[in-house]
Amino acid sequence: MLSNKRIQELELVMEFEKVEECFKEVSSWIENVGRKRLKETVNLDDSLEMLLQAQKQFKEFDLVASEYCKRGQEALKKMNQWEDLSFVDVHSYRVKLQNYEDELEEFCTQLDETRHRVCETVRLYEFFDKVRQGICCTEEGVKS
């Protein structure tokens with residue numbers, strides 16, 4: 001039984017190393033690209049035209065960022081089997097996994113919030129643009 005336990009531990013360590021490699025890649029992208037791009041969308045432009053351009057650029061970034069989030073989440077799912085094991089030896093791996101999970105969750109939440117904010121800002125600017133056009137048309141009709 002002890003031998004089987006050790007074999008299971010070794011298999012988990014090997015699986016963790018694969019997952020950790022994936023997370024290192026995802027974490028590196030989040031730190032070097034993802035967070036910087038999210039910060040760039042904090043200040044959205046004041047014109048509808050510029051805002052639509054920013055939305056287009058964000059959508060392209062969002063596709064890539066969502067793929068990284070998905071890869072990280074899939075790697076976490078592979079490690080769900082650890083929840084059933086009570087080996088003392090895997091505690092340090094669980095701590096690392098929790099840190100990866102927290103980082104991924106934080107980034108994915110920020111991505112969702114930014115996606116929503118960009119969409120709502122565009123909708124608001126489009127509404128104001130229609131109102132402005134309506135006021136201009138009404139003023140022209142009154143002048144005639």
Side-chain angles (χ1 to χ4, degrees), residues 1-140:
M1 287 182 74
L2 187 59
S3 176
N4 286 342
K5 180 182 174 186
R6 291 292 179 209
I7 289 172
Q8 286 179 323
E9 287 177 353
L10 287 173
E11 288 172 348
L12 285 173
V13 169
M14 290 170 34
E15 183 67 27
F16 179 81
E17 288 175 355
K18 291 177 189 174
V19 169
E20 188 173 36
E21 187 63 35
C22 175
F23 267 113
K24 283 180 180 179
E25 183 182 332
V26 170
S27 292
S28 176
W29 185 88
I30 287 173
E31 280 304 312
N32 297 321
V33 179
R35 291 192 195 286
K36 291 176 184 176
R37 290 290 302 270
L38 285 179
K39 286 179 184 176
E40 290 173 5
T41 60
V42 168
N43 297 323
L44 296 171
D45 292 311
D46 291 336
S47 73
L48 180 59
E49 182 180 318
M50 295 299 289
L51 187 59
L52 290 172
Q53 180 64 28
Q55 182 186 37
K56 180 182 176 190
Q57 291 172 351
F58 178 78
K59 284 182 178 182
E60 293 168 2
F61 162 74
D62 187 29
L63 288 173
V64 175
S66 294
E67 184 60 33
Y68 275 95
C69 287
K70 181 180 173 185
R71 286 177 58 200
Q73 290 164 348
E74 286 173 357
L76 280 173
K77 285 180 186 176
K78 289 180 182 178
M79 300 315 303
N80 282 343
Q81 63 182 335
W82 286 41
E83 297 299 321
D84 299 334
L85 302 173
S86 58
F87 300 144
V88 175
D89 297 4
V90 297
H91 176 73
S92 63
Y93 296 107
R94 288 183 190 188
V95 170
K96 284 183 179 181
L97 277 176
Q98 186 62 51
N99 290 337
Y100 289 136
E101 185 175 12
D102 292 345
E103 178 186 14
L104 182 65
E105 185 177 318
E106 177 191 356
F107 177 76
C108 292
T109 299
Q110 289 175 345
L111 181 64
D112 289 341
E113 289 170 354
T114 303
R115 183 185 308 117
H116 178 73
R117 187 173 48 82
V118 168
C119 182
E120 289 301 309
T121 304
V122 167
R123 287 182 52 211
L124 185 62
Y125 270 72
E126 287 172 339
F127 172 76
F128 284 135
D129 194 52
K130 288 178 183 177
V131 169
R132 185 184 54 77
Q133 288 175 0
I135 290 172
C136 289
C137 291
T138 303
E139 287 176 353
E140 288 177 12

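Listed for the Arg117 side chain is a donor-acceptor partner under 3.5 Å among the backbone atoms of Thr41. Side-chain atoms of Asn32 come within 3.5 Å of backbone N or O of Ser28 as a donor-acceptor pair.
By the 6.0 Å contact criterion, CD on Glu60 is enclosed, its count of non-hydrogen atoms from other residues, nucleotides or ligands being greater than 12. Summarising the local packing, CD of Glu21 is surrounded by 12 or fewer heavy atoms from other residues, nucleotides or ligands at distances under 6.0 Å. Heavy-atom contacts from other residues, nucleotides or ligands closer than 6.0 Å to CD of Glu105 number 12 or fewer.
Residues Lys59 and Arg115 have side chains not in contact (no heavy-atom distance under 4.5 Å, counting atoms from C-beta outward). In this structure, Glu40 and Arg37 have side chains that are in contact, with non-hydrogen atoms separated by less than 4.5 Å. The shortest distance between side-chain heavy atoms of Leu104 and Ile30 falls below 4.5 Å. Contact of the Glu106 side chain with the Asp102 side chain is not registered, since no non-hydrogen atoms from C-beta on lie closer than 4.5 Å. Using a 4.5 Å cut-off on side-chain heavy atoms (C-beta onward), Leu51 and Val118 make no contact. The closest side-chain heavy-atom distance from Gln110 to Arg35 is below 4.5 Å.
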Chi angles and distances behind the side chain to side chain contact (heavy atoms under 4.5 Å, CB included) call for Glu74, Cys22 = CA-CA 10 Å; Glu74 286 173 357; Cys22 175; over 6 Å; no

task = Give the intermediate values and the outcome of side chain to side chain contact (heavy atoms under 4.5 Å, CB included) for residues Leu97 and Val19.
result = CA-CA 9 Å; Leu97 277 176; Val19 169; 4.1 Å; yes

query = side chain to side chain contact (heavy atoms under 4.5 Å, CB included) between Tyr68 and Val64: does it pass, once the steps are laid out?
reply = CA-CA 6 Å; Tyr68 275 95; Val64 175; 3.8 Å; yes

request  = Could you check Glu120 against Leu124 for side chain to side chain contact (heavy atoms under 4.5 Å, CB included), going step by step and ending with a plain yes or no?
outcome  = CA-CA 6 Å; Glu120 289 301 309; Leu124 185 62; over 6 Å; no

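In summary, Arg123 and Glu126 do not engage in a salt bridge, as defined by a charged side-chain N under 4.0 Å from a carboxylate O. Under the 4.0 Å criterion applied to side-chain N and carboxylate O atoms, Arg71 and Glu25 are assigned as salt-bridge partners.
Between Val122 and Leu48, the shortest heavy-atom distance links the atoms O-CD1, 4.3 Å. In plain terms, the two heavy atoms of Phe58 and Leu111 that are nearest each other are CZ-CD1, 4.0 Å. Between Leu38 and Phe107 the shortest heavy-atom distance is CD1-CE1, 3.5 Å. When all heavy atoms of Ala75 and Phe23 are compared, the closest pair comes out as CB-CE1, 3.8 Å. Scanning all heavy atoms of the two residues, the minimum distance from Gly72 to Val26 falls at N-CG2, 4.2 Å. Of all heavy-atom pairs spanning Gln55 and Cys119, the tightest one is NE2-CA, 4.3 Å.
Side-chain contact, Glu103 with Asn99: no donor N or O sits under 3.5 Å from an acceptor N or O.
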